[in-house]
Structure formats: structure tokens, C-alpha cells
There are 2 protein chains.
Amino acid sequence: MYDSENDSEPGRGMERENLGSEAPATVRIVDIARMAGVSTATVDRVIHNRGKVSAANLARINAVLQRVDYRPNLIARTLASGRQYVIAVVMPRFAAGEYWADFEAGVAQAEAEARRYNVTVRRYRFDQYDGASFEALLATLRDESFDGAVLATLFAGRVIPFTAELDARGIPYVFVDSDLPACNRLAYCGTSSFDAGAVAARLLCEGLEPGADLVVGKILHRGDGGSNQCRERERGFRDYLERHDFRGELYDVALRLDDEAYNARRLDELFAVHPSVAGAVTFNSTCYILAGYLAARPARRVRLVGYDVIDRNRRMLADGVVTALVAQRPEVQGYRGVMSLCGWLVEGRRPGTVGNLPIDILLKENISYYTNNII
Amino acid sequence: MYDSENDSEPGRGMERENLGSEAPATVRIVDIARMAGVSTATVDRVIHNRGKVSAANLARINAVLQRVDYRPNLIARTLASGRQYVIAVVMPRFAAGEYWADFEAGVAQAEAEARRYNVTVRRYRFDQYDGASFEALLATLRDESFDGAVLATLFAGRVIPFTAELDARGIPYVFVDSDLPACNRLAYCGTSSFDAGAVAARLLCEGLEPGADLVVGKILHRGDGGSNQCRERERGFRDYLERHDFRGELYDVALRLDDEAYNARRLDELFAVHPSVAGAVTFNSTCYILAGYLAARPARRVRLVGYDVIDRNRRMLADGVVTALVAQRPEVQGYRGVMSLCGWLVEGRRPGTVGNLPIDILLKENISYYTNNII
DNA sequence: ATCGCAAGTGTGTGCGCACACACTTGCGAT
DNA sequence: ATCGCAAGTGTGTGCGCACACACTTGCGAT
């Protein structure tokens with residue numbers, strides 16, 4: 001046993017002790033041990049609640065710990081502990097060039113960085129147009145072991161009860177895509193979907209007469225009312241219209257992902273019945289569908305606003321068919337989603353809960369500067 | 001010397017080597033050294049460009065480094081290197097309850113966290129209403145040694161040339177308060193001031209007739225045209241008015257910080273001459289001055305919008321004198337400003353360049369939930 | 001009286017890297 | 001032939017912590 005407090009070790013002991021009333025430069029476990037008159041292992045047991053410590057020592061060590069306000073060096077802790085962490089990323093499947101491909105790029109970059117912190121990223125994918133596939137994935141996740149999760153919140157109604165399970169399991173999670181403020185999430189990495197709706201409304205309406213009618217293009221989901229993000233955007237959109245004396249009509253039109261002929265028929269119908277339509281919007285990233293239709297019919301002068309800078313939308317914007325795109329840097333969401341969880345698990349660094357990303361507005365004039373760099 | 005590649009060390013060597021074509025779990029300096037047939041010190045010299053390595057070994061080691069795509073373990077590096085970093089925070093002086101006090105709280109929290117990474121925070125303060133004091137501070141900073149800087153950009157015209165000096169010295173810096181995109185900043189932690197101006201405009205105008213006149217309350221600066229933030233907000237504000245067919249007039253009124261009598265005289269004058277004024281705005285955090293005046297004159301029905309949730313504004317909002325506050329979490333700016341620089345210096349982790357914070361809107365109804373937590 | 005065992009306790013090692021320091025080699029100057 | 005010195009090179013230690021492992025102590029069972 002050490003003879004505690006009053007020993008003055010030679011050499012570097014002197015440098016660190018700083019015997020005056022000064023706060024010591026930094027208090028380490030050895031310092032605690034010396035002060036409490038025990039070994040570092042005993043201090044370690046107390047710090048980690050490993051038990052096997054006598055009541056007397058426990059009390060003494062805790063007292064010292066509290067007195068010096070001990071904060072472990074997280075850098076050293078990470079290096080020493082071989083602890084492996086697994087982060088589950090729950091996101092949609094995608095094809096190249098789709099919105100979620102950019103998200104995946106951010107996840108991949110984070111994955112590369114996180115490897116050095118003993119963090120592994122595991123992806124779990126579902127069909128973004130099929131709520132049942134998401135439900136099935138959640139069932140899988142119940143049997144999986146992981147230390148944190150990044151959850152795309154497309155199916156809000158199914159995410160919410162699942163987060164309750166995660167809460168019960170003590171697993172932290174961060175949201176991407178859209179926020180669900182009612183949940184106990186560690187963070188949300190994304191834009192304010194509601195405000196992004198208002199932005200689209202402003203961009204769309206600024207060139208139109210107040211009485212003009214609008215079309216809302218939608219992709220139907222199997223058994224669901226659309227993604228939470230789209231719903232929130234639509235809420236913000238309609239809210240803006242209300243607040244700005246919009247006096248026209250909004251017509252929904254259900255489109256299909258890869259069925260140009262079908263979409264053309266539906267739109268022909270719509271425009272035949274409502275020739276007054278002067279603007280159109282989509283709340284997901286598929287405004288290229290509407291754009292493709294309109295590009296082939298230049299006589300129809302319809303103002304078009306959509307979301308997300310994916311290749312097909314970018315082209316339509318550059319061609320002048322799309323008036324504006326509202327965007328949200330999916331690659332940053334992927335990167336930050338993983339990294340914020342990583343920082344929390346590894347270093348105990350709590351991220352800002354709602355680190356809202358900027359709502360980017362892309363026009364023909366500035367689209368060329370918009371590149372998908374995390375930096 | 002080791003006999004390079006083909007040795008099969010006993011014990012843990014086997015675990016790590018992963019002799020198949022698999023990517024090795026993680027490549028360390030010892031692995032590089034073994035592969036190149038040199039010692040770790042020689043590898044270290046190459047990695048850090050310390051010289052004293054023969055051309056042959058240099059080439060060989062570099063080849064290995066490249067082949068295995070070596071990435072140093074930043075955690076271990078930080079622990080091993082006793083390197084001390086100093087972050088200079090250049091910010092205004094403040095009294096308790098002022099806007100910058102909240103900012104300081106965030107800096108203090110970051111400081112506590114950063115200490116364990118061998119990072120020290122040093123504050124340099126200037127008078128936010130006196131450009132000359134800022135200039136004098138910059139002169140001081142030229143002789144100071146630090147590894148990174150957090151710069152409040154109030155005096156944009158003086159900040160810009162200074163950042164050129166920092167660039168020349170190779171010192172990274174992050175902006176807070178308002179962004180100066182033309183500069184080579186590592187990051188900007190704050191809101192979009194321009195958009196925050198538009199938000200205030202919308203909040204102010206939504207209850208007014210298009211023809212109503214407005215007052216802009218201003219605190220005069222010594223020898224300067226107001227902070228960059230305020231100017232940007234005003235630009236965004238005026239831009240919004242233009243885009244929304246505002247047909248009234250804007251009257252500037254110069255107020256003083258602690259001179260109630262003077263302010264009352266000036267405002268009495270103004271309202272006497274322009275009884276049509278129905279709205280008022282300030283672009284800094286002193287809307288409580290206008291609010292105090294209006295609270296004492298309830299007959300004047302003037303809609304008032306201001307910035308920042310400081311105590312005096314909070315009270316006036318709760319009392320219904322202020323219609324809305326636009327806010328920007330200064331404590332988060334302080335925290336992130338320091339931490340992003342810290343992460344960059346210590347771990348080489350590049351922050352998002354423009355991590356725009358959300359523009360918060362506070363009304364009587366939601367102000368009570370708005371607390372200054374970093375979390 | 002002896003043994004086994006639970007409850008405590010301490011020593012030693014390694015995480016991957018940075019860096020101080022000691023050492024070797026070979027060549028020019030004497 | 002010998003020395004000094006520059007150019008290379010390697011060994012060893014420590015950063016603060018986690019954790020495996022060995023060890024001590026005392027008490028109940030025999």
C-alpha cells in the first residue's frame with residue numbers, strides 16, 4: 001500500500017502534484033489511487049462498478065473522485081479498451097443515382113473514419129415504398145445486437161413504437177430524413193421538413209398569380225400514407241399557402257415510378273379537366289417524373305418545384321424545366337448520423353440534439369456549384 | 001533488423017496478420033516497419049517528415065505506406081503526443097444577461113471538454129460597439145501564438161484582412177455570429193443572418209397592412225456601420241419586403257444603450273412625425289429598449305419583432321409587448337466554435353464548413369420551452 | 001489444525017503512437 | 001592509423017486507461 005497523500009514522489013511526481021492550492025493540471029487514476037491509499041485497480045473497480053471493493057475503500061475512493069471531480073481521459077480509455085461498437089444504419093434500399101445513394105456515400109465515409117474507433121457500421125435496408133418491408137426489418141432488428149442506431153424515419157408510425165423498445169434496451173439512436181421530436185432521440189441530423197415545405201411554396205408561388213391552381217405529384221406507398229418527411233413538407237407547404245392568401249386549388253395526382261405511359265395518361269387527364277393548373281410540386285425526389293412529362297409538352301407553361309439534387313432532377317433544372325429544387329445534403333445526413341453516434345458511444349460526446357442542416361435552394365444559376373462533398 | 005515480411009511472429013502476431021488476401025484488420029506502424037524491414041522509428045521519421053532517412057528506406061517505406069493506405073490511429077497519436085494546443089476565442093466583452101454571456105457559457109463548456117485533449121482556450125475581448133477596440137485587439141493577436149481561432153465577425157471589414165494573415169500563418173479559424181463566405185474559414189457556426197432577416201420580416205409583416213410604415217431601431221457604433229450580422233439581417237429583411245410588395249416606409253431611429261430619457265425623446269419625435277408607424281424591428285439583441293418604451297405607452301399599437309432570447313427580451317415577449325423573437329442559440333455557437341476547431345486540431349476531423357444552426361422563432365406561447373442547453 | 005473459498009486487493013501488460021536517446025556506419029581530416 | 005562528425009538507424013519509455021491475472025486475508029467447514 002502507498003502511504004497516501006503525504007508522499008512526495010521524486011521526479012515527475014513533483015511536476016504533476018502542483019502542491020499549492022492550484023487545481024492539479026489533470027487528475028489521473030494513479031493520482032486518485034495515491035490519494036485514496038489504494039491501487040489503481042481498486043479505483044478502476046469503483047469507476048466501473050465492478051464490485052469487489054470493501055465498503056471502506058469504496059467510500060474513500062468515491063469521496064476522492066468527487067472531491068477532485070475526476071473526469072476520465074476518454075482518449076486513453078478508447079485506446080485501452082478493446083470495446084467494439086456496432087452502429088446499425090436503418091435506411092432504404094436504392095439504385096444508383098437515387099436519393100439514398102448520396103446518403104449512403106456519407107455513411108460510407110463515416111464508416112471509414114469510425115473504424116479507427118473500433119466502430120463497425122452495419123446496414124439494414126428496407127423498401128421505401130413499402131411499410132411492411134420496414135416492419136419486417138424491425139422484427140429482424142429485435143434479434144440483432146448493436147450499440148446504436150441511425151434510423152431513417154420514413155414510416156413514422158412504425159418508428160415511434162420501435163424507439164420505445166430501443167429506449168427500453170438502452171440503445172441510443174439518431175434520426176435522419178425527418179425529425180420526430182416526441183422521441184427520445186440522441187440527435188436529429190437533417191433539415192426542418194416543415195420549413196422546407198414553406199420554402200418550396202414560396203419558390204412555387206412567387207411566379208404565379210394568387211388564383212392559380214397547383215398539382216401535387218405523389219408516388220403511392222403500399223399500405224402507408226407516404227413518408228413522414230413528405231407529409232411534413234406538405235404540411236409546411238399548405239401552411240404557407242394558407243398564410244399567404246392562396247386562393248387556387250390543389251390537385252393530387254398519383255404517379256408511378258417507372259411507368260411513363262401511365263403517368264402521361266394520368267397527367268393528360270388532369271390537365272384536360274383542369275387547364276387552369278399553373279404550378280406543380282412533388283414532396284419527394286421524383287419531380288423528374290413531372291419534369292419529363294412537361295419537357296415533352298413545352299406548350300404547357302407549368303412552374304415546377306421539387307426536392308433533392310439527384311442526377312435526373314439536376315438535369316431538368318439545368319434545362320429550365322424545373323424552376324427550383326429544395327435540397328438537404330443527404331450525404332451530410334449520413335455522415336453526421338453515424339459520426340454523432342460514434343462520438344457519443346466512443347467519447348461520450350453528446351451531439352446537438354437538433355443540428356438542423358440548412359435548407360438549400362437550387363436554381364439553374366447556382367446548381368453547378370452544388371457538389372456532394374461532406375466537407 | 002527484422003527479417004521483414006516472411007516472419008511469422010508467435011502469439012498475437014497470428015491474430016493480426018490475417019494472412020489471406022483479406023484486408024488486415026488495421027495496419028499499425030509496427031506492421032509498416034516489419035513490411036519495410038526497418039524499425040518503427042524510421043517509419044515514424046517518414047510519417048512526420050523528420051528527415052534522417054536514407055533514400056532507399058524512404059522510398060520503400062513510402063511504397064508500403066501507400067500500398068496499405070496507412071491511416072494513423074488519431075486516438076493513439078493524441079495520447080502519445082504531449083502536443084498542447086491553444087485556441088484563441090475573439091469575442092465581445094459583455095455584462096451579465098447580455099447576448100454574449102450565453103455565447104461565453106458555450107465556450108466555457110467546450111473549454112472543460114477540450115482540456116483533456118491538451119487544448120487550452122484563451123479569450124480575447126473587444127468592445128462590440130467600437131471597431132477601433134477590435135482593431136487594437138487584432139494588433140495584440142499578431143504577437144500572440146495560438147493554433148486556431150474562433151472569430152466573432154462583427155467587424156467584417158476588419159476581420160477579412162486579418163484572416164488573410166491567419167491564412168499566411170497557417171492558422172485555422174472558425175467564424176461565429178455571422179458568416180463571411182469569401183474567407184477560407186474552417187467552419188462557420190451560426191445561423192444564416194440573411195434568412196434570419198427574412199424570418200423577422202415575415203413575422204413582422206404578417207399582422208400588418210401592406211401600406212404600414214416601419215421603424216428600425218439601431219444602436220450606433222463608433223466609427224462603423226454596425227455589425228456584419230445586423231447588416232446581413234437588414235439585407236434579408238429588406239429583401240423580403242421587396243419580394244412581398246411592401247409599400248410602406250422604413251424609418252431608422254438611433255437609440256442609446258442606457259439612456260432611457262434620450263430614447264424616449266427620439267421615439268416621441270418619430271411617432272409624432274410619423275403616426276402611421278405600425279411595426280418596429282431591431283437587428284441586434286436590444287429590442288427590449290423599444291419594448292420598454294412601448295410598454296409604457298400601451299395606446300400605441302406597434303408590432304415589435306427583435307432578435308435573441310436574452311432575459312430582458314424574454315420578459316417583454318412573455319408580457320406581450322414583443323410580438324416575436326428570432327433566435328440563434330449563442331451558447332451552441334460558442335460550444336461548436338471551440339469544439340469544431342478542437343476536433344480539427346487534435347484529430348484532424350474536418351467539421352462541416354457551414355453547419356448552419358436553426359433559426360428559432362419564439363412567441364409568447366413557446367418561449368418557456370426555450371432553454372439554453374447545449375444539449 | 002487444515003483446507004477451501006469468497007471477498008478484496010495489487011501487479012503487470014498492452015492499446016498505437018511520439019519522441020528522447022543511444023547507437024552504428026563510413027568518410028574526410030589529421 | 002586515428003579521430004570527429006554527419007547521416008542513419010533502432011531501443012525504450014510513457015501517454016492514461018482497461019483488464020487479465022496473481023495474490024492475500026479471514027472465516028466456516030472439516
Side-chain angles (χ1 to χ4, degrees), chain A residues 1-2 4 11-13 15-16 24-34 36-61 65 68 70-84 115-118 346-348, chain B residues 1-4 9 11-13 15-16 24-34 36-61 65 68 70-84 115-118 346-348:
Chain A
M1 259 204 195
Y2 301 103
S4 78
R12 67 184 288 275
E15 303 159 23
R16 319 261 327 202
T26 192
V27 184
R28 304 157 299 165
I29 284 184
V30 283
D31 301 317
I32 305 285
R34 190 149 25 204
V38 296
S39 76
T40 58
T42 304
V43 176
D44 177 78
R45 287 185 193 98
V46 173
I47 289 173
H48 292 91
N49 260 312
R50 296 194 218 276
K52 315 210 174 197
V53 176
S54 65
N57 276 339
L58 181 65
R60 188 137 31 119
I61 292 170
L65 246 23
V68 301
Y70 173 72
R71 315 261 184 106
N73 182 323
L74 297 169
I75 295 275
R77 170 173 290 180
T78 303
L79 185 63
S81 104
R83 181 104 167 72
Q84 294 284 335
R115 241 187 59 193
R116 286 313 173 94
Y117 301 89
N118 299 331
V346 172
E347 309 187 58
Chain B
M1 258 202 195
Y2 301 106
D3 53 354
S4 76
E9 198 173 280
R12 65 185 290 274
E15 304 161 22
R16 321 259 329 198
T26 192
V27 184
R28 304 157 299 167
I29 284 184
V30 282
D31 300 317
I32 306 284
R34 192 148 26 203
V38 297
S39 77
T40 60
T42 303
V43 176
D44 178 77
R45 288 184 192 100
V46 173
I47 289 172
H48 291 93
N49 261 313
R50 296 195 218 276
K52 316 211 175 196
V53 176
S54 65
N57 276 337
L58 181 65
R60 190 138 31 121
I61 292 170
L65 246 23
V68 302
Y70 173 72
R71 313 262 184 108
N73 181 324
L74 297 169
I75 294 275
R77 169 174 291 180
T78 302
L79 185 62
S81 104
R83 181 104 169 73
Q84 294 283 336
R115 240 187 60 192
R116 284 316 173 94
Y117 301 88
N118 299 331
V346 172
E347 308 187 58

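To find a chain, count down the sequence lines: A is the first, B the second, and so on, and within it residues start at 1. Keep in mind the model is a prediction, meaning the values are calculated, not measured. Computation of the quantities below employed the complete heavy-atom set of this structure, encompassing side-chain atoms and omitting hydrogens, waters and symmetry-equivalent molecules.
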A:I61 CD1 to C:dG10 C1', in whole Å, measures 12 Å
Protein-nucleotides 18-24 of chain C N/O pairs under 3.5 Å:
from: C:dA18; atom 1: OP1; to: B:H48; atom 2: NE2; distance (Å): 2.9
from: C:dA18; atom 1: OP1; to: B:R77; atom 2: NE; distance (Å): 2.4
from: C:dA18; atom 1: OP1; to: B:R77; atom 2: NH2; distance (Å): 3.2
from: C:dA18; atom 1: OP2; to: B:D44; atom 2: OD1; distance (Å): 3.4
from: C:dC19; atom 1: OP2; to: B:R50; atom 2: NH1; distance (Å): 2.9
from: C:dC19; atom 1: OP2; to: B:R50; atom 2: NH2; distance (Å): 2.6

With a 4.0 Å limit, can you tell me whether B:S39 has a side-chain N or O closer than that to the phosphate oxygens OP1/OP2 of D:dT9? no
B:L79 atom CG is separated from D:dG16 atom C1', nearest whole Å, by 6 Å
My understanding is that a pair needs two contacts under 3.5 Å, Watson-Crick or G-U wobble. By that rule, which nucleotide pairs with C:dG8? D:dC23
Least distance between heavy atoms, A:T26 atom then B:R115 atom: CA-NH2, 4.2 Å
Can you find a side chain N or O atom of B:N57 that sits less than 4.0 Å from OP1 or OP2 on D:dT9? yes
Within-4.5 Å side-chain heavy-atom neighbours: A:Y70 and A:V43: no
Taking for each residue the nucleotide of DNA chain D with the nearest heavy atom, is it A:N73 or B:L58 whose nucleotide lies nearer the 5' end? B:L58
Are the side chains of B:N73 and B:R28 in touch, meaning some heavy atoms are under 4.5 Å apart? no
So which nucleotide does C:dA18 pair with, by the Watson-Crick or G-U wobble rule with both distances under 3.5 Å? D:dT13
Protein-nucleotide distance (B:D31, atom CG; C:dG14, atom C1'), rounded to Å: 15 Å
Taking a pair to mean Watson-Crick or G-U wobble geometry with both distances below 3.5 Å, C:dT30 pairs with D:dA1
A:I75 has an atom CD1; how far is it from atom P of D:dC17, in whole Å? 12 Å
Nearest heavy-atom pair of B:V27 and B:I32: which atoms, and what distance? CG1-CD1, 3.6 Å
Do B:T42 and B:R50 have side chains that approach each other closer than 4.5 Å (heavy atoms only, starting at C-beta)? no
Please find the pair of heavy atoms, one from A:G51 and one from A:R45, that lie closest to each other, and give the distance. O-CD, 3.5 Å
note: B:L74, atom CG; C:dC17, atom P; distance rounded to Å ~ 9 Å
Report the distance from atom NZ of A:K52 to atom C1' of D:dT25, rounded to the nearest whole Å. 15 Å
Should B:L79 and B:I75 count as side-chain neighbours, where that means a heavy-atom distance under 4.5 Å? no
Short side-chain N/O contact to D:dG16 OP1/OP2 from A:T26, under 4.0 Å: no
Rounded to whole Å, the OH-P distance (A:Y117 to C:dG16) equals 14 Å
Closest approach to the side chain of B:S54, judged atom by atom: which nucleotide of C:dT9, C:dC17, D:dT9 is it? D:dT9
